[in-house]
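Remarks on the structure that follows.
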2 protein chains.
Amino acid sequence: MKKTPATDAKQSAAAQDPVLATRERIVRAASRLMQRQGYAGTGIKQISLEAQATLGSVYHFFPGGKQELAVAAIRHGDLEFAEELRTALGSETDPADAVLAFTRHLATGLRTSDWIDGCPITTTALGTAGSSPDIQSAAAEAFARWREIVFDKLRETGIAETDAHDLAHTVISTLEGAELAAQVSRSSEPLDIAGKHLARLITAYL
Amino acid sequence: MKKTPATDAKQSAAAQDPVLATRERIVRAASRLMQRQGYAGTGIKQISLEAQATLGSVYHFFPGGKQELAVAAIRHGDLEFAEELRTALGSETDPADAVLAFTRHLATGLRTSDWIDGCPITTTALGTAGSSPDIQSAAAEAFARWREIVFDKLRETGIAETDAHDLAHTVISTLEGAELAAQVSRSSEPLDIAGKHLARLITAYL
DNA sequence: GTCTATACCCCGATAGAC
DNA sequence: GTCTATCGGGGTATAGAC
């Protein structure tokens with residue numbers, strides 16, 4: 001197993017920025033590392049190193065230890081992804097075009113990270129499914145929030161409530177699955193195709 | 001973090017069956033445990049215990065250690081999932097109905113495992129992305145195989161080759177994403193809705 | 001709030017008897 | 001092929017000075 005030194009620009013810029021408060025640096029480092037390595041694969045010492053904080057600081061802000069840290073990391077990834085989603089959807093008036101634009105955004109993010117930065121919460125959520133209710137429910141909240149953002153966008157253009165509800169589910173599910181497939185295959189093709197099909201599906205309901 | 005005793009019927013029946021050869025018991029235990037806990041979250045000692053094999057036996061069959069074991073586990077999950085997919089798709093002549101039937105199969109599997117047995121390879125693949133090329137390429141092979149099974153089914157019913165290629169991508173991506181969303185949300189709703197939308201999408205190409 | 005030191009445990013991997 | 005013992009290292013978490 002190759003060890004990731006985690007020295008790339010995105011990591012450093014976010015987690016090591018000395019202007020950020022300590023707690024914030026810790027959360028960002030935890031979020032990024034768990035996104036890449038999962039819950040069990042990420043050590044608290046690694047997080048404290050990456051965040052340029054001491055182990056004592058980590059336990060000062062997160063007395064609940066690794067689990068509390070994971071919940072904070074998922075919440076952070078949740079809001080980060082939600083913000084990107086809102087921005088991309090807001091850039092186009094037609095919801096079909098908007099979703100297509102977001103698939104391109106995801107593909108770009110994956111490629112520029114050399115296919116290592118996928119969904120910010122999936123890896124953490126999957127590895128702890130069924131063993132940590134706090135982490136699981138934080139992940140469930142994230143999915144619900146993302147669906148709601150898509151739902152609102154679809155409703156704006158006059159799609160019926162029940163149709164928008166179902167479409168929001170499939171849009172998020174397909175985006176997640178296509179990002180996963182793209183990461184595993186190291187190719188943007190799954191995302192490109194998913195964008196095309198989601199746009200077609202949405203248009204059928206307009 | 002609650003510790004999973006791993007005493008449920010599915011695990012025991014597969015991994016502890018004394019009739020199975022030792023190597024096979026080890027692979028099955030590794031596959032199931034990594035499916036649930038990921039690569040880093042699963043210990044070799046836990047695998048040997050679950051498989052009722054000694055640590056020496058594990059290293060006898062897998063001298064490459066944990067990584068070699070993970071590749072074998074992914075291959076096992078790959079073929080297992082492929083078999084389920086072929087069976088479900090073969091149960092209906094209309095490909096739209098066939099995919100719908102498979103979403104129900106996935107939902108049943110998730111619910112009966114109390115939402116812990118999701119995709120057999122995703123958790124392992126995600127936690128090791130970018131750090132273990134062997135595991136990553138085994139996972140990429142699995143996705144390609146599953147897409148090909150869907151592709152063949154679509155071609156049988158006269159869908160054009162390029163359309164079938166794209167549809168196969170989206171079917172697998174959406175199934176993966178919906179299973180993930182269902183697992184995280186502990187609800188079959190994402191899979192139910194995905195089945196409906198995928199059937200609609202496929203029908204549009206018939 | 002930050003830091004160092006450390007207790008205690010389990011990890012992957014190996015050695016060598018049988 | 002199977003088994004036990006063990007090595008070296010790293011894990012989470014805590015204690016207590018500053």
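Reminder, nothing fancy here: chain letters follow the sequence lines and each chain counts from 1.
The closest donor-acceptor contact from the side chain of B:Thr87 to the backbone of B:Glu83 lies under 3.5 Å. Panel note: side chain B:Thr122, backbone B:Cys119; no donor-acceptor pair is recorded below 3.5 Å. Using a distance-only test at 3.5 Å, with no hydrogens or angles considered, a donor-acceptor pair links the side chain of A:Thr128 to the main chain of A:Thr124. Judged purely by atom type and a 3.5 angstrom limit, B:Arg147 has no side-chain atom pairing as donor or acceptor with the backbone of B:His169. Judged by distance alone, the side chain of A:Lys153 and the main-chain N or O of A:Val99 form no donor-acceptor pair under 3.5 Å.
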Just by protein heavy atoms under 4.0 Å, how would nucleotides 3-18 of chain D read 5' to 3' in B, S and -? BB------BBBB----
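Rounded to a whole Å, the NE2 atom of B:His60 is 9 Å from the C1' atom of D:dT2. The separation between B:Leu69 atom CG and C:dC11 atom P is 14 Å, rounded to whole Å. Atom-to-atom, CZ of B:Phe62 to C1' of C:dG12 comes out at 16 Å; the value is rounded to the nearest Å.
One finds no side-chain N or O of B:Thr22 lying less than 4.0 angstrom from the OP1 or OP2 phosphate oxygen of D:dG1.
Taking the six-membered ring where the residue is Trp, B:Phe81 and B:Trp146 present tilted rings, their angle falling between 30° and 60°.
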